[in-house]
Protein chains: 2
Amino acid sequence: MNEVKGSAGLPDTLVFRLGTLGAVVGDRFAGRIERLDLKPKHVGLLTALGQGSFASQQDLAGRLGVAPSLVVSLADHLESLGALRRVRDPQDRRRQVLTLTDRGHELLAACTAEATTLDGELTAHLDEPERRALHATLGSLATRAGLSTA
Amino acid sequence: MNEVKGSAGLPDTLVFRLGTLGAVVGDRFAGRIERLDLKPKHVGLLTALGQGSFASQQDLAGRLGVAPSLVVSLADHLESLGALRRVRDPQDRRRQVLTLTDRGHELLAACTAEATTLDGELTAHLDEPERRALHATLGSLATRAGLSTA
DNA sequence: TATTGTTATACTCTATAACTATA
DNA sequence: TATAGTTATAGAGTATAACAATA
């Protein structure tokens, strides 16, 4: 009498589920990479660098959807960890080319391992076809949402 | 030679996908409810109140996973919008019982409509069985992640 | 003395704007 | 004059800790 039953409630929407799950899972992931002295945004930068090379830090900022000044501080931290090197572009000495070091690749691998472990914990109750379907569908959602992961 | 192909890369993990999707979708949702003078955290509080009654603001804080002081400011704002009322519990006058007003239910419905619209945009490329499967799987993930939505 | 809600304060994150150097 | 990166500053969001009222 006092509850709307026919239409889906807010907690049943994809938007609500993705938002809350993303926040919780993100926090949990943050806890796991804390020992590496990294935060999710650093991992985002490492990942972007691991996927291809970018002409400039400003390109990176656009790709990550953050302000260029934030790329500076993220890169500062990663540089202090020995994870990346800044090299001036001889063609245009205003630009800095960021490249992952061996240590950077190690850190990226360690983060991937943590994420994979968490994945396993989250999907332990799913069978293999369900896992694959979820993976594929989230991939297509990401593309649709404008997250060019590839 | 320089890329690990066998194991899944970080962007292919559930953790990464959920984290980035959650952030993007959350931001987009925030943009849509801005005209209602609400932010996602307010919607979280409205939703919790819409689902059941809670003995105290501190219960609410625990449920939402935020500090009790934050519940105060969220409730202040919602009260100023006429969305909820604070009533002192006569049994224990230290406690305030928060209840949604008609306006609060209206706002909750408006947020649900926005979320549903966004859902449609995100899943327009999926067929109905895929949508249902995604919904069900995310629901089970939420439960597993400790988000008692029900 | 313990607990609820509130207020005061401080900290984290991130963006905007000013600045430096190169072009 | 315009652009890349950096630095300085400011704002939002949230937590911690002190406080007042009630138990």
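The figures that follow rest on heavy atoms only: side chains count, while hydrogens, waters and symmetry mates do not. First the proteins, then the strands, lettered A, B, ... as listed; each starts at 1.
- For DNA chain D, the residues of residues 64-82 of chain A within the heavy-atom distance limit of 4.0 Å (strictly under) are Ser69(A), Val72(A), sorted by number.
- Each end of the helix from dT1(C)-dA23(D) to dA23(C)-dT1(D) gets its own rotation axis from five pairs of C1' atoms, and the angle between them is 20° to the nearest 10 degrees.
- Of the listed residues (Leu108(B), Leu74(B), Thr112(B)), just one forms a side chain to side chain contact (heavy atoms under 4.5 Å, CB included) with Leu46(B), and that residue is Leu108(B).
- Contact annotation: Gln57(B) side-chain N/O to dT6(C) OP1/OP2 distance is under 4.0 Å.
- Between Gln96(A) and Arg85(A), the side chains place no donor N or O within less than 3.5 Å of an acceptor N or O (distance only, hydrogens not considered).
- A close approach under 4.0 Å does not occur between any side-chain nitrogen or oxygen of Gln91(B) and OP1 or OP2 of dA23(D).
- Between the CG atom of Asp92(A) and the P atom of dA2(D) there is a distance of 17 Å, rounded to whole Å.
- Base contact: Gln58(A) has a heavy atom under 4.0 Å from a base atom.
- Closest contact between the side chain of Arg94(B) and the listed nucleotides dA23(C), dA23(D), dG5(C) involves dA23(D).
- A side chain to side chain contact (heavy atoms under 4.5 Å, CB included) with Leu14(A) is found for exactly one of Leu134(B), Thr116(B), Leu21(B), namely Leu134(B).
- Sequence neighbours left out, the pairs with a member in residues 22-35 of chain A that pass side chain to side chain donor-acceptor pair (under 3.5 Å) are Arg32(A)-Glu121(A), Arg35(A)-Glu114(A).
- Under the 3.5 Å distance criterion, with hydrogens and angles disregarded, a donor-acceptor pair is assigned to the side chains of Arg131(B) and Thr123(B).
- Residue pairs satisfying the ring pair (Phe, Tyr, Trp, His ring centres under 6.0 Å) criterion with at least one member in residues 118-147 of chain A, sequence neighbours excluded, are absent.
- Rounding to whole angstrom units, CG of residue Asp59(B) and C1' of dT4(C) are separated by 11 Å.
- For the side-chain contact (heavy atoms from CB on, under 4.5 Å) test, residues two or more places apart in sequence or in another chain that qualify with Glu130(A) are Leu126(A), Asp127(A).
- Following rounding to the nearest Å, Asp89(B) (CG) and dT3(C) (P) show an atom-to-atom distance of 17 Å.
- Rounded to an integer number of Å, the gap from CG of Leu45(B) to P of dG5(C) is 12 Å.
- For the pair Leu98(B) CG and dT6(C) P, the interatomic distance rounds to 8 Å; values are reported in whole Å.
- The separation between Arg95(A) atom CZ and dA2(D) atom P is 17 Å, rounded to whole Å.
- Here Arg86(B) lies in heavy-atom contact (under 4.0 Å) with sugar-phosphate atoms only.
- Counted within 6.0 Å of CZ on Arg93(B), heavy atoms from surrounding residues, nucleotides or ligands total 12 or fewer; the atom is thus considered open.
- Put simply, the side chain of Thr99(A) does not reach to within 4.5 Å of the side chain of Leu49(A), judged on heavy atoms.
- Within a heavy-atom distance below 4.0 Å of DNA chain D, the residues of residues 31-43 of chain B found are Lys39(B), Lys41(B).
- Here the side chains of Leu147(A) and Arg17(B) are not in contact, with every heavy-atom distance at 4.5 Å or above.
- With a 4.5 Å cut-off on side-chain heavy atoms, Gln57(A) and Leu98(A) count as touching.
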